[in-house]
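One structure is given below, encoded as structure tokens.
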Amino acid sequence: MNALRRVIAHLDIDAFYASVELQRHPEARGRPLVVAGTGPRSVVTTASYEARRYGIDSAMPAARARALCPDAIFIAPDFAAYRAKSREVWDIVRASFETVGQAGIDEAYLDVSSLDRPLPALRELVVAVRERTALQISVGVGPSRLVAKTASSAFKPAAFVAMGREQAAAHFAGHAVRLLQGVGPKTAERLAAVGVETVGDLQSANPTLLARRFGERQALALHTRAHFHDDSPVETSRVAKSRSSELTFPADVSDQARLEQTLVELALELGDGLRTRQRRARTIAVKVRLDDWTTVTRARTLPYFTDESATIAATALELLRAYAPPRPVRLLGVRVASFDDESKGAPAGSEGSQLALHL
DNA sequence: TCTGGGGTCCTAGGACCC
DNA sequence: TCTGGGGTCCTAGGACCC
């Protein structure tokens with residue numbers, strides 16, 4: 001066996017939130033179902049496959065979804081329920097597979113290189129998950145995360161596809177570049193401007209022209225991706241680097257007192273979260289989105305670590321006041337980062353500094 | 001019918017140090 | 001007698017993903 005040969009699987013729960021809601025509302029079976037918030041500015045979180053036939057999809061404004069399909073059943077998201085169900089699924093997966101890298105609530109990568117017959121093992125897993133949780137998983141298998149993920153996404157729902165790198169490069173050549181991980185709407189637009197529309201176009205694009213347009217690094221990354229080269233490992237544990245809380249107001253807010261009140265509440269939430277997780281942060285940032293969608297961030301790094309809501313709130317308030325939003329505010333957010341157990345470590349004397357500054 | 005919330009990574013520029 | 005060069009830390013904005 002070739003030790004360098006990698007076999008990676010990507011697992012994705014089909015229409016996860018909508019599927020959980022269908023279990024809780026069996027009467028909705030067969031009908032279009034949309035999971036979306038109830039506020040005037042909420043967006044679609046997940047749509048069932050029936051609802052997708054009306055053109056409804058994730059991130060679409062809920063109001064637009066209602067217009068597209070007034071008869072759909074709309075349900076407000078219940079993230080606690082989804083987290084619980086997600087845990088059930090991935091616990092089953094982790095019981096049978098060693099290298100599991102969760103990549104969100106409803107997807108994960110598995111490194112199954114060491115298995116003699118990975119495909120039958122994965123088939124069994126899909127059956128086990130379906131029997132025990134009534135959820136359908138799509139599976140893509142390939143020599144890299146990129147191939148595995150692209151395969152599962154392209155063939156879901158209920159996908160079970162294995163393909164090699166060259167096979168993927170040939171099979172997806174006719175697809176829009178947007179299919180590739182890391183190519184979003186902006187990059188797709190810039191590529192279209194130089195005549196690159198499909199994955200195949202990108203595969204054969206002139207490297208010099210690409211580099212002139214996108215810079216050496218990004219051009220290389222795009223080209224590499226188009227040919228489905230990817231050697232990124234499956235990471236089984238990742239430590240969060242930041243945490244944030246934000247709120248979009250139902251209607252834009254100009255009242256300074258109301259903004260400050262909201263900011264303090266967000267800071268309190270974050271402080272609670274830090275203490276629960278026993279982490280402390282040095283960088284505190286605020287995010288302000290104005291009514292014209294301008295988004296501004298302001299950050300300050302303290303000379304000490306903190307998990308105190310009062311410190312986070314006071315710093316966030318200073319940052320907000322210094323910025324003084326020039327227009328009505330649509331969204332307010334607070335973020336903390338530079339945690340104390342990062343490998344960078346604490347600056348010397350941070351404990352003393354904290355004492356001194358809090359006297 | 002306008003556009004959520006929680007994250008990660010990248011880039012670019014300035015301050016500061018040796 | 002026109003301004004080196006590299007490294008690190010920090011901030012701000014932006015693209016992208018689920």
Side-chain angles (χ1 to χ4, degrees), chain A residues 10 12-13 15-17 34-46 54-70 76-77 79 82-83 86 102-109 145-146 149-150 152-153 177-191 214-218 220-222 225 232 235 238-252 266 269-270 273 282-303 319 322-323 330-339 342 344-345 347:
Chain A
H10 179 256
D12 197 327
I13 310 175
F16 178 49
Y17 297 169
V34 178
V35 180
T38 51
R41 287 174 163 175
S42 62
V43 299
V44 173
T45 308
T46 316
Y54 291 84
I56 299 172
D57 211 348
S58 300
M60 171 183 290
R64 178 157 157 70
R66 277 178 214 282
L68 284 171
C69 183
F79 292 105
Y82 309 148
R83 275 194 296 272
S86 163
Q102 228 181 298
I105 195 166
D106 63 347
E107 60 182 273
Y109 293 93
R145 303 199 320 161
L146 180 59
K149 161 91 181 176
T150 310
S152 70
S153 316
V177 285
R178 199 67 181 73
L179 173 93
L180 298 171
Q181 289 275 116
V183 178
K186 300 288 182 182
T187 306
E189 204 176 305
R190 292 175 65 199
L191 283 167
F214 291 87
E216 206 78 42
R217 281 174 68 104
Q218 204 194 345
L220 183 64
L222 286 168
R225 253 190 210 144
S232 65
E235 290 183 43
R238 295 193 65 186
V239 186
K241 295 183 170 175
S242 69
R243 295 187 57 83
S244 61
S245 292
E246 61 184 55
L247 175 73
T248 295
F249 296 107
D252 302 332
L266 293 168
E269 269 179 41
L270 277 181
R282 284 171 61 221
T283 303
I284 293 153
V286 299
K287 172 172 162 184
V288 183
R289 176 125 72 210
L290 305 176
D291 62 344
D292 65 356
W293 208 255
T294 314
T295 305
V296 168
T297 60
R298 290 292 182 266
R300 178 180 303 164
T301 297
L302 305 173
L319 291 166
Y323 169 56
R330 176 189 181 92
L331 170 151
L332 217 45
V334 182
R335 184 176 68 93
V336 291
S338 312
F339 294 136
E342 277 177 29
K344 288 169 190 171

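For clarity, every value in this text was computed on a predicted model and none was experimentally measured. Each chain gets a letter, A, B and so on, in the order the sequences are listed, and its residues count up from 1. All heavy atoms count here, side chains included; hydrogens, waters and symmetry mates do not.
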To the closest 0.5 Å, what do you measure between OG (S152(A)) and OH (Y109(A))?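 The OH atom of Y109(A) is 7.5 Å from OG of S152(A), to the nearest 0.5 Å.
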
In chain order, what residues pass the side-chain hydrogen bond (donor to acceptor under 3.5 Å, both in side chains) check against [X], with sequence neighbours excluded?
{"X": "S245(A)", "answer": "E269(A)"}
{"X": "D106(A)", "answer": "none"}
{"X": "T150(A)", "answer": "none"}
{"X": "T295(A)", "answer": "R289(A)"}

Report yes if at least one side-chain N or O of [X] is closer than 4.0 Å to OP1 or OP2 of [N]; otherwise report no.
{"X": "T248(A)", "N": "dT3(B)", "answer": "no"}
{"X": "R41(A)", "N": "dC2(B)", "answer": "no"}
{"X": "S244(A)", "N": "dG5(B)", "answer": "no"}

Regarding [X], tell me which of base, sugar-phosphate or nothing describes its non-hydrogen contacts under 4.0 Å with the strands shown.
{"X": "K287(A)", "answer": "nothing"}
{"X": "S245(A)", "answer": "sugar-phosphate"}
{"X": "G37(A)", "answer": "nothing"}
{"X": "R335(A)", "answer": "nothing"}
{"X": "L247(A)", "answer": "sugar-phosphate"}
{"X": "L266(A)", "answer": "nothing"}
{"X": "A36(A)", "answer": "nothing"}
{"X": "V183(A)", "answer": "sugar-phosphate"}
{"X": "P77(A)", "answer": "nothing"}
{"X": "T45(A)", "answer": "nothing"}

Return the 5'-most residue of the pair S242(A), F79(A) with respect to DNA chain B, ranking by each residue's nearest nucleotide.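 Going by which nucleotide is closer to the 5' end, it is F79(A).
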
I want to confirm an ordering. Mapping A67(A) and F249(A) to their closest nucleotides on DNA chain B, which one lands closer to the 5' end?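 With A67(A) and F249(A) compared, the 5'-side residue is A67(A).
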
So, for S86(A) and Q102(A), which heavy atoms are closest and what is the spacing to 0.1 Å? OG-NE2, 4.0 Å

Please name the pair of heavy atoms, one in S242(A) and one in R335(A), separated by the smallest distance, quoted to 0.1 Å.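 Taking S242(A) first and R335(A) second, the nearest heavy atoms are CB-NH1, 3.9 Å.
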
Between atom [atom1] in [X] and atom [atom2] in [N], what is the gap in whole Å?
{"X": "Y82(A)", "N": "dG5(B)", "atom1": "OH", "atom2": "C1'", "answer": "14 Å"}
{"X": "R145(A)", "N": "dC18(C)", "atom1": "CZ", "atom2": "P", "answer": "11 Å"}
{"X": "F214(A)", "N": "dG14(C)", "atom1": "CZ", "atom2": "P", "answer": "17 Å"}
{"X": "R289(A)", "N": "dC2(B)", "atom1": "CZ", "atom2": "P", "answer": "16 Å"}
{"X": "Q102(A)", "N": "dG6(B)", "atom1": "CD", "atom2": "P", "answer": "18 Å"}
{"X": "F16(A)", "N": "dC18(C)", "atom1": "CZ", "atom2": "C1'", "answer": "12 Å"}
{"X": "E216(A)", "N": "dA12(B)", "atom1": "CD", "atom2": "C1'", "answer": "18 Å"}
{"X": "I13(A)", "N": "dC18(C)", "atom1": "CD1", "atom2": "C1'", "answer": "12 Å"}

Please tabulate, one pair per line, each protein N/O and nucleotide N/O from nucleotides 9-11 of chain B that are separated by under 3.5 Å, including the distance.
from, atom 1, to, atom 2, distance (Å)
dC9(B), OP1, R238(A), NH2, 2.9
dC9(B), OP2, K241(A), NZ, 3.1
dT11(B), OP1, R217(A), NE, 3.0

Could you tell me which residues satisfy side chain to side chain contact (heavy atoms under 4.5 Å, CB included) with [X], sequence neighbours excluded, listed by chain and number?
{"X": "V43(A)", "answer": "none"}
{"X": "S232(A)", "answer": "R145(A), D230(A)"}
{"X": "T248(A)", "answer": "R41(A), R330(A), L331(A)"}
{"X": "P77(A)", "answer": "V35(A), T45(A), F79(A), Y82(A)"}

Base-pair map of DNA chain C as dot-bracket, where | denotes pairing with a different strand and pairs are Watson-Crick or G-U under 3.5 Å: ....||||||||||||||

Apply side-chain contact (heavy atoms from CB on, under 4.5 Å) to residues S244(A) and K287(A) and explain how you reach the verdict. CA-CA 10 Å; S244(A) 61; K287(A) 172 172 162 184; over 6 Å; no

Could you check which residues of residues 290-299 of chain A get a heavy atom under 4.0 Å from DNA chain C? Sort them by number, please.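 V296(A), T297(A), R298(A), A299(A) - these, ordered by number, are the residues of the stretch whose heavy atoms sit under 4.0 Å from the strand.
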
I need the full list of side-chain hydrogen bond (donor to acceptor under 3.5 Å, both in side chains) pairs touching residues 177-190 of chain A, with sequence neighbours left out, sorted by first then second residue. none

Between dC16(C) and dC2(B) - P atom distance, rounded Å: 26 Å

Between dG4(C) and dC17(B), how far apart are the two C1' atoms, rounded to whole Å?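 Each nucleotide's C1' atom is 14 Å from the other's.
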
Tell me which nucleotide among dG5(B), dG4(B), dC18(C) gets nearest to the side chain of R330(A).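 So the side chain of R330(A) is nearest to dG4(B).
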
In terms of side-chain heavy atoms of R178(A), which of dT3(B), dC17(C), dC18(C) is nearest? dC17(C)

Walk me through whether T283(A) and V336(A) qualify under side-chain contact (heavy atoms from CB on, under 4.5 Å). CA-CA 6 Å; T283(A) 303; V336(A) 291; over 6 Å; no

